[in-house]
Number of protein chains: 2
Amino acid sequence: MDEDLKLERARMRVIDTITQNMNLYGITPSVGRLYGLLYFNEEPMSLDSMKDELGMSKTSMSTSVRQLQELKMVEKIWKKGTRKDLYHSVDDWYQTFTDYFSIKWRKGISQNIASINKSLEEVSELLESPNTPIEIKEAANNDKDRFLYALEYYDWLNRLIDTFETNEIFKFVPKQKDTPKN
Amino acid sequence: MDEDLKLERARMRVIDTITQNMNLYGITPSVGRLYGLLYFNEEPMSLDSMKDELGMSKTSMSTSVRQLQELKMVEKIWKKGTRKDLYHSVDDWYQTFTDYFSIKWRKGISQNIASINKSLEEVSELLESPNTPIEIKEAANNDKDRFLYALEYYDWLNRLIDTFETNEIFKFVPKQKDTPKN
DNA sequence: TTGTTTGTACAGAATTTACTGTATGTACTG
DNA sequence: CAGTACATACAGTAAATTCTGTACAAACAA
């Protein structure tokens, strides 16, 4: 069964590649490797089979698979006649990509905008007050400009994420190389 | 000097915000905080002044500032009459954003594509060979499809990064909210 | 009901990552 | 030339993250 081994090695190489790539996005290698495993397994897998395949604890499989679920990269499959939870990879990488960064980037932004607005207000008060020493006003002015710039930038980032969430980005950068449709 | 304190607090709040945001992108909080400090300092800063301001070791300042330099978020400033290296933030956040993800994402992709191509070739050999058992051929076929899909996806990602690097993305998502120019 | 199977919370262990202090090299100064 | 000021390499330490094993809870079976 030399062919068996050859296939296995080819697959492993690509799993490593996927793992490395996901790691670049801040996903732990073990979690990435688990995704790779699920991606190539035609059948959905149970926690026990993942554990056996990766040689890790079942606890780790449980938490890793949950992470992948939260990232919408893996879904639970129901199958008649088994009590085990079964999982399979979600195979739309484009959707995974846009979802991942939408979730991740959007996370902080609204809070960030709120905190900048608060600081902006405080600084504006300082600038309006006649009690504020002149050199403080100068510094306040500098800060205010930078706050405004930050707000502008976060607004842009929000609009960029909008194009991810609505899939409009694929109008601009089409999935297929040669056909500009969809 | 109550005004002094008030301004300081407003600024610190925004620095925390920036730190948090950068941390989301995989930049360490200390490094993010250093960027925030440099962003609000009108004058460029020396390693010693950073150290004093953040209460960390000079070694840390040295390595952190180097990281920021590699990410093109900070640049070295030359100033007559001082032997210290002086640094200032690069204030174009849009450019910083596109640069950062171009550098980061592009990093792996070409190697990834190469390794997938290699595996693709090996699997194709298996499929063509008459010695390969039928059940291995079936698995190989499955794998091959997934390799091809991955290649397609990485190609898309490359084209997305192209729009970042060339700043074409700003045609699609303009920097200014209301004026579609630039 | 009791026994069994399965998934997960939690605490501690192991590993990785980030930080510090010393030691050294290099470039200026006089 | 020595002497000083500065930045950084490197090794060791501290802190954070990830992983494991046990213990327990929920769901099911008989």
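Chain letters run A, B, ... following the sequence lines, proteins first and then strands; every chain starts at 1.
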Asks: Rounding to a whole Å, what distance do you find between A:Q69:CD and C:dT8:C1'?
Replies: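 Computing the A:Q69:CD to C:dT8:C1' distance gives 13 Å.
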Asks: Between which nucleotides of DNA chain D, 5' to 3', does chain A make heavy-atom contacts below 4.0 Å?
Replies: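 Contacts span D:dT18 to D:dA29, reading 5' to 3'.
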Asks: Who else is in the cluster with A:L86 when I, L, V, M, F, W and Y are joined by side-chain contacts under 4.5 Å?
Replies: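 Result for A:L86 is A:I77.
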Asks: Going by heavy atoms closer than 4.0 Å, what residues in residues 38-54 of chain B are next to DNA chain C?
Replies: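 Result for residues 38-54 of chain B: none.
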Asks: State whether A:D162 and A:R106 are salt-bridged, where the test is any N-O pair (Lys NZ or Arg NE/NH1/NH2 against Asp/Glu carboxylate O) under 4.0 Å.
Replies: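 Looking at A:R106 together with A:D162, the answer is yes, because their closest N to O distance falls below 4.0 Å.
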Asks: Closer than 3.5 angstrom, by distance alone: can the side chain of B:T17 be matched with the main-chain N or O of B:R13 as a donor-acceptor pair?
Replies: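 Yes; judged by distance alone, with no hydrogens or angles, the pair exists.
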Asks: Please check this pair: side chain of B:T19 against backbone of B:I15, looking for a donor-acceptor N/O pair closer than 3.5 Å.
Replies: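 At least one qualifying donor-acceptor pair exists.
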Asks: May I have the distance from A:W78 (atom CH2) to C:dT6 (atom C1'), rounded to whole angstrom?
Replies: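 Distance, rounded to whole Å: 17 Å.
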Asks: Checking the side chain of B:R11 only, and the main-chain atoms of B:L37 only, is there a donor and an acceptor separated by less than 3.5 Å?
Replies: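 Between the backbone of B:L37 and the side chain of B:R11 there is no qualifying donor-acceptor contact (under 3.5 Å).
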Asks: With the sugar-phosphate defined as primed atoms, P, OP1 and OP2, and the base as all remaining atoms, what B/S/- string results for nucleotides 15-30 of chain C, 5' to 3', for protein heavy atoms under 4.0 Å?
Replies: ---SSBBB----BBS-
Asks: Looking at A:E152 and B:K175, does any basic side-chain N land under 4.0 Å from a carboxylate oxygen?
Replies: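 Here A:E152 does not pair with B:K175 in a salt bridge, since their nearest N and O are not under 4.0 Å apart.
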Asks: Name every donor-acceptor pair, under 3.5 Å, that has one atom in a side chain of residues 50-59 of chain A and the other anywhere in the protein, sequence neighbours excluded.
Replies:
| residue | atom | partner | partner atom | Å |
| --- | --- | --- | --- | --- |
| A:S57 | OG | A:S60 | N | 3.2 |
| A:S57 | OG | A:S60 | OG | 3.3 |

Asks: Do side-chain atoms of A:S115 reach the backbone of A:N112 as a donor and acceptor pair under 3.5 angstrom?
Replies: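 It does hold such a pair.
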Asks: Taking salt bridge (charged side-chain N to carboxylate O under 4.0 Å, His left out) as the test, write out the residues that go with A:K104, two or more places apart.
Replies: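 Checked A:K104 against salt bridge (charged side-chain N to carboxylate O under 4.0 Å, His left out); zero matches.
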Asks: Grab the NZ-C1' distance between A:K84 and C:dT8 for me, whole Å please.
Replies: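 Checked: the NZ to C1' distance equals 15 Å.
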Asks: If the threshold is 4.0 Å, N to carboxylate O, is there a salt bridge linking B:K6 and B:D2?
Replies: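 No, no charged N to carboxylate O under 4.0 Å.
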Asks: With a cut-off of less than 4.0 Å, is there a side-chain N or O of A:S62 near OP1 or OP2 of C:dT8?
Replies: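 Yes, because at least one side-chain N or O of A:S62 sits under 4.0 Å from OP1 or OP2 of C:dT8.
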